[in-house]
Number of protein chains: 2
Amino acid sequence: MNNFIELSNEETNQLASSFEEVHVKKRQFIVQPGFTNMHRAFVIKGAFRAYVITNDGQDHTLQFAIENWWVSDFNSYIYQHPATLFIVALEDSTILQIEYNQEQELKKSNHKFETFFRIMAEKGLAFEHRRILFNLTNSAEARYENFLLNFPNFVNRVPQYALASYLGMTTEFLSRIRNKRVKKS
Amino acid sequence: MNNFIELSNEETNQLASSFEEVHVKKRQFIVQPGFTNMHRAFVIKGAFRAYVITNDGQDHTLQFAIENWWVSDFNSYIYQHPATLFIVALEDSTILQIEYNQEQELKKSNHKFETFFRIMAEKGLAFEHRRILFNLTNSAEARYENFLLNFPNFVNRVPQYALASYLGMTTEFLSRIRNKRVKKS
DNA sequence: CAATTAAAATGAAGTACATCAAGAAAAAGA
DNA sequence: TCTTTTTCTTGATGTACTTCATTTTAATTG
């Protein structure tokens, strides 16, 4: 957090006491459709996947999160209405979570915290802009190559079918792309 | 702006004086690749399109903006590095624009302004999350139907090829979707 | 309003991907 | 360590969408 704003000791304590450490077992859900997402989570250990299941049973991944990433059903969280996403732990994990109302308090009480969350939202938005453009302009294979390049840490920690659904293709097709690559090299 | 925060007269004046009214002719660019996007623009009249052109000459639309929408190359603006997008006026238009440094000043000087830009970024991020999920989970035809439903005001004001490239399909394919619809009804 | 240019429509052919089905490999649980 | 479940692989087939080429329609400009 000190990358974005500089905090006094007192502020650091205030912040720390707003977050709660929670342990989550593999395959456990921290968000489910129908329930409002009451917390924003920061991953300090482990990995998560945020995804939807459509009416016809298809599974699509919106986001992965490993150490030092935030994860939530952001629409559910900021509007405080029922979630549409599942968020599940891919490994035994530990998160720091802040409750919605506490976050509002923090932001209201101190300009610095407001700034922090503003910057975080802006960076998130810029990131998603890049993602949308990349998805519009590239083939399935190029999207995979790009993911390898930009997120090498994620690749070995997320199941292939989940990565495929994040990249907008089927697990079968991603399998073929991968095997083609292996043979090439 | 008063939807998000409540401003005193003085604050309203401060805000107003930070923005500059600019008239833009149809086909005129307000952002071009290679140049840093120095302003964030709020459309008070007219329409804009933000798009990239890839190496192979293909054109992909990231965003449209009409009255009451903001538009910028957000990555270029917040990081103050060269733009990758073109932003062009689709009609003779009028915008209110704020310069990057002025925006920083506003946010620094007054917690309320910080809050305003934080909320705007959050809503933008939530919007893009919905968009990404929708694009992942729906066919070309469903994406078009959804656009009609959610953005009826845009449909008649943006060229078909631009809408097609926003929705991730070719202009020919969108043409076929539209004509199929017409015949049905 | 005539001439030019840009945008949209339409047909025919091609391709990047999905779907389905079955088996192999890997991971989880007992 | 054996069994069960989950994930990945591979082939065959199908389809949603693209590409290319041409004509029609609409918008822009002199």
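A, B, ... follow the sequence lines: proteins, then strands. Residue 1 opens every chain. Computed from a predicted structure; not experimentally measured.
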Listed partners of [X] passing salt bridge (Lys or Arg N to Asp or Glu O under 4.0 Å), at least two apart:
X: A:Arg157; value: A:Glu67, A:Glu91
X: B:Lys112; value: B:Glu11
X: A:Arg49; value: A:Asp59
X: A:Glu103; value: A:Arg40, A:Lys107

Closer than 4.0 Å, any side-chain N/O of [X] to the OP1 or OP2 of [N]?
X: B:Gln160; N: C:dA6; answer: no
X: A:Thr170; N: C:dA18; answer: yes
X: B:Gln58; N: D:dT18; answer: no
X: A:Arg143; N: C:dC17; answer: yes

Should B:Tyr79 and B:Met38 be regarded as members of a common hydrophobic cluster, given that ILVMFWY residues are connected when their side-chain heavy atoms come within less than 4.5 Å of each other, either directly or indirectly?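 No, because B:Tyr79 and B:Met38 fall into different hydrophobic clusters, even though each may have its own neighbours under 4.5 Å.
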Nearest-Å distance, [atom1] ([X]) to [atom2] ([N])?
X: A:Glu172; N: D:dC8; atom1: CD; atom2: P; answer: 11 Å
X: A:Leu136; N: C:dA16; atom1: CG; atom2: P; answer: 19 Å
X: B:Leu174; N: C:dA7; atom1: CG; atom2: P; answer: 15 Å
X: A:Leu167; N: C:dC17; atom1: CG; atom2: C1'; answer: 14 Å

Residue of the set B:Tyr51, B:Tyr166, B:Phe151, B:Trp70 for which ring pair (Phe, Tyr, Trp, His ring centres under 6.0 Å) holds with B:Phe64: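 For B:Phe64, the ring pair (Phe, Tyr, Trp, His ring centres under 6.0 Å) check succeeds only for B:Tyr166.
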Shortest side-chain distance from B:Arg176, nucleotide among C:dA18, D:dT10, D:dT19: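 My answer, after comparing the listed nucleotides, is D:dT19.
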Apply side-chain hydrogen bond (donor to acceptor under 3.5 Å, both in side chains) to the pair B:Thr36 and B:Gln80, showing each step before the final yes or no. CA-CA 6 Å; B:Thr36 298; B:Gln80 287 288 290; 5.8 Å; no
Does any non-hydrogen side-chain atom of A:Ile132 lie less than 4.5 Å from one of B:Ile132?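 Yes - at least one pair of side-chain heavy atoms lies under 4.5 Å apart.
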Angle by which the axis turns from one end of the helix from C:dC1-D:dG30 to C:dA30-D:dT1 to the other, five pairs per end, to 10 degrees: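 The end axes of the helix from C:dC1-D:dG30 to C:dA30-D:dT1 are about 70° apart, to the nearest 10°.
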Enumerate all atom pairs, one protein N or O and one N or O from nucleotides 28-30 of chain D, separated by less than 3.5 Å.
| residue | atom | partner | partner atom | Å |
| --- | --- | --- | --- | --- |
| D:dT28 | OP1 | B:Lys26 | NZ | 2.3 |

